[in-house]
Amino acid sequence: MDHIQEQIQSLRDELSQHNYNYYVLDNATISDYEFDIKLKELEKLEEAHPQFFDPNSPTQRVGGQITKNFETVTHKNRMYSLDNSYSKEDLLDWEKRIQKILGTTDIEYTCELKYDGASINLTYENGKFIKAVTRGDGFQGDNVTTNIRTIKSIPLNLNSDFVNDFEMRGEIILPLDGFQKMNEERVANGEEAYRNPRNTASGSLKLQDSAEVAKRPLDCLLYQVVTDERKYKTHYESLEAARNIGFKVPKTIELASSIDAVFDFVNAWDSKRNELPYETDGVVIKVNNLQQQEELGYTSKAPRWAIAYKFKAEQVATVLNEITYQVGRTGAITPVANLEPVQLAGTIVKRASLHNADQIEKLDIRVNDTVFVEKGGEIIPKIIAVDFNKRPKESTPTQYATHCPECNTELIRTDGDAKHYCPNEFGCAPQITGRVQHFISRKAMDIDGLGGETVDLLRKEGLIQNYADLYDLKVEQIIPLERMAEKSAQNMIAGIEKSKEIPFKKVLFALGIRFVGETVAKKLAKHFKSIENLMAADFETLIAVDEIGDRIAQSIIDFSNDLGNIQLVNRLKSYGVQLEVSAESIENQTDKLQGNAFVVSGVFHQMSRNELKKAIEDNGGKVSSSISKKTSYVVAGDNMGPSKLAKAESLGIPIISEDEFIEMIS
Ligand code: AMP
Ligand code: ZN
């Protein structure tokens, strides 16, 4: 190594160590002044010798890079959410379920606090920090690497031995004192104070200017090591090891040998949590043994091997001033309680959701009542009860709205549906705007250069009435609009043009057929292959498709019979929007595994476990996470769990190797 390079490396190592001492161990070993001098020295050297640039150098922590659009990245391993529990009974039920699957009562647990911030996935390769991605929808998130690099407690270079390639899962949080300081400065500058630490932390991840992020006192608490390497036997051990090589893994984690012990942990922290330097909203309980975790697997939403326990939500009483009604993009009406502003769990609450007419009737909620408001995990608080002692004498029961607050059309309510709807699909302003906003959203047509507010503006200006109208827009029509310039108008048109390449499954989701969400759209696209086939399908054909029930089938039929929708679809087709599955995506797909359900277990060599699962689905098979009578095959890699093996054998389910599986599809 040349002399300069050595000097640079030694400064980087030294500064990283100081960062670690200060931000992770909370134990400064150098004065700020000395630190700055050394940092400047390093900056100078790096500037003079750009060939030694390293994005993971401590000098890069101050940020400065601007990100206009955050790249969407598919997670290598899905980021699941967690099932919730609220009582000891819930926890005991969970224990019973997992004992049954594992066939043993010998289960150890870990108890961790549930840090309340924004989840993040950090990727490391060969001891180097590579990228940071937000959870997003669990399958895909935003690449926020440049912003995350500014958080100084996150190690960028690992010096000691750990697993080679791994992901570290954690929570980006804003500690309470830092949050308060930030707010004091904002107020002093005449700016509005931020509402709560969690939203501010999560908002910080998507700031365009990383230097701005660097100024915020963000922190990252880590809670899971994700890797295919089997170096550690337990979750606890892997976290200890992660802490030892420099990650900030809170020491509040504890082992518990029974649900009683878990509950002791819960009770202790329910009262102590207010003394913590950051917010928590519960406890996360996990099965400690990693082999057992693997055997338990996942449901469609969450791991079976973990559960969150939510602390009781805080409640407060306030007066209900008015009930207003909001119209959603599908025409669904949501009643909203407008409250006398009140402080609750660190935020000021002014509005609460009332859900629907039944809910109002059931709780007998009336204007001018004093109501109890609670904030659970949801962002919007809810009303849980009325204080009848305080009800004014002249009070009368609430009359639910009969007409749409936006277009005055009479509301309808179909049997079995709790919500009222405004049926004026094509003429009701928020429905028009809402459907177009949904159409352009990221998981749908992903149109760059066009935002939600602009959609509303385009509608107000009479330029669009529906999503097909987008494709008729001309640059000249857009330029005269408020806050529009030639460049932005061109970007918008280019974004719309580009959406013609979006694959059919997303287009199908974008159409906004009621009850056809992302997953259902994917299923339908795969099955029917084109909008023509789908719209021609009758009820029987529709419900014969895996996981399509009566409600979805009926909604598709209603959509397909509507003249307005037929016209819209025809127009989209004429513009060149993808209304059928493209040839190349069919190419890699077969029906070879049709009707077969697979369980995948163990470690594989030729493909990763995720690739294997995808191959199963691409070939028409189904992947499930636990073995049952319905399982057709178990694909077994190395180290398959012993209880899975026993179960497969006892049910007589064929166990095949990776090679045999590849044979099957080739
Ligand atoms: P939820 O968003 O309610 O489904 O809860 C799942 C989220 O809890 C995860 O995505 C994590 O971001 C977060 N979380 C906070 N603390 C922990 C922890 N100790 N273990 C696992 N997840 C945690
Ligand atoms: Zn309406």
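Because only heavy atoms are used, hydrogens play no part in the values below, and waters and symmetry mates are left out as well, while side chains stay in. One-based numbering, in listed order, for ligands and for the atoms of each.
Geometrically, ligand 1 and Leu113 share a nitrogen or oxygen pair separated by less than 3.5 Å. In terms of polar-atom proximity, defined here as any N/O pair under 3.5 Å, Asn84 makes no such contact with ligand 1. Considering backbone and side-chain N/O atoms, Val284 never comes within less than 3.5 Å of an N/O atom of ligand 1. Residue contacts with ligand 1: Arg135 is placed with a nitrogen or oxygen under 3.5 Å of a nitrogen or oxygen of the ligand (distance criterion only).
Scanning all protein heavy atoms for the shortest distance to atom 15 (C) of ligand 1 gives Tyr115 O, 3.2 Å. In terms of protein heavy-atom proximity, atom 4 (O) of ligand 1 is closest to Ser81 CB, 2.9 Å. Of all protein heavy atoms, the one lying nearest to atom 1 (P) of ligand 1 is Lys114 NZ, 4.0 Å. Among protein heavy atoms, the minimum distance from atom 12 (O) of ligand 1 is reached at Glu171 OE1, 2.4 Å.
For the salt bridge (Lys or Arg N to Asp or Glu O under 4.0 Å) criterion with Glu294, the lone passing option out of Arg230, Arg304, Lys233 is Arg230.
Distance check: Leu239 CG to Met168 CE gives 6.0 Å after rounding to the nearest 0.5 Å. Taking CD from Gln326 and CG from Leu354, the interatomic distance works out to 10.5 Å, rounded to the nearest 0.5 Å.
Under the 4.0 Å criterion applied to side-chain N and carboxylate O atoms, Lys131 and Glu71 are not assigned as salt-bridge partners.
No hydrogens or angles considered: a donor-acceptor pair under 3.5 Å links the side chains of Arg459 and Thr433. If you check the side chains of Asp260 and Ser258, you find no donor sitting under 3.5 Å from an acceptor.
For ligand 1, the atoms sitting less than 4.0 Å from at least one non-hydrogen atom of Ser119 are 10 (O), 12 (O), numbered in the order shown with element in parentheses.
With a 4.0 Å cut-off on non-hydrogen atoms, Tyr223 touches ligand 1 through its side chain and not its backbone.
Taking the six-membered ring where the residue is Trp, the centroids of Trp269 and Tyr309 are separated by 6.0 Å or more. Two rings, from Phe247 and Tyr124, have their centers less than 6.0 Å apart.
Angle SG(Cys404) to the Zn ion (ligand 2) to SG(Cys407): 110° [nearest 10 degrees].
At least one heavy atom of Lys286 sits under 4.0 Å from some atom of ligand 1.
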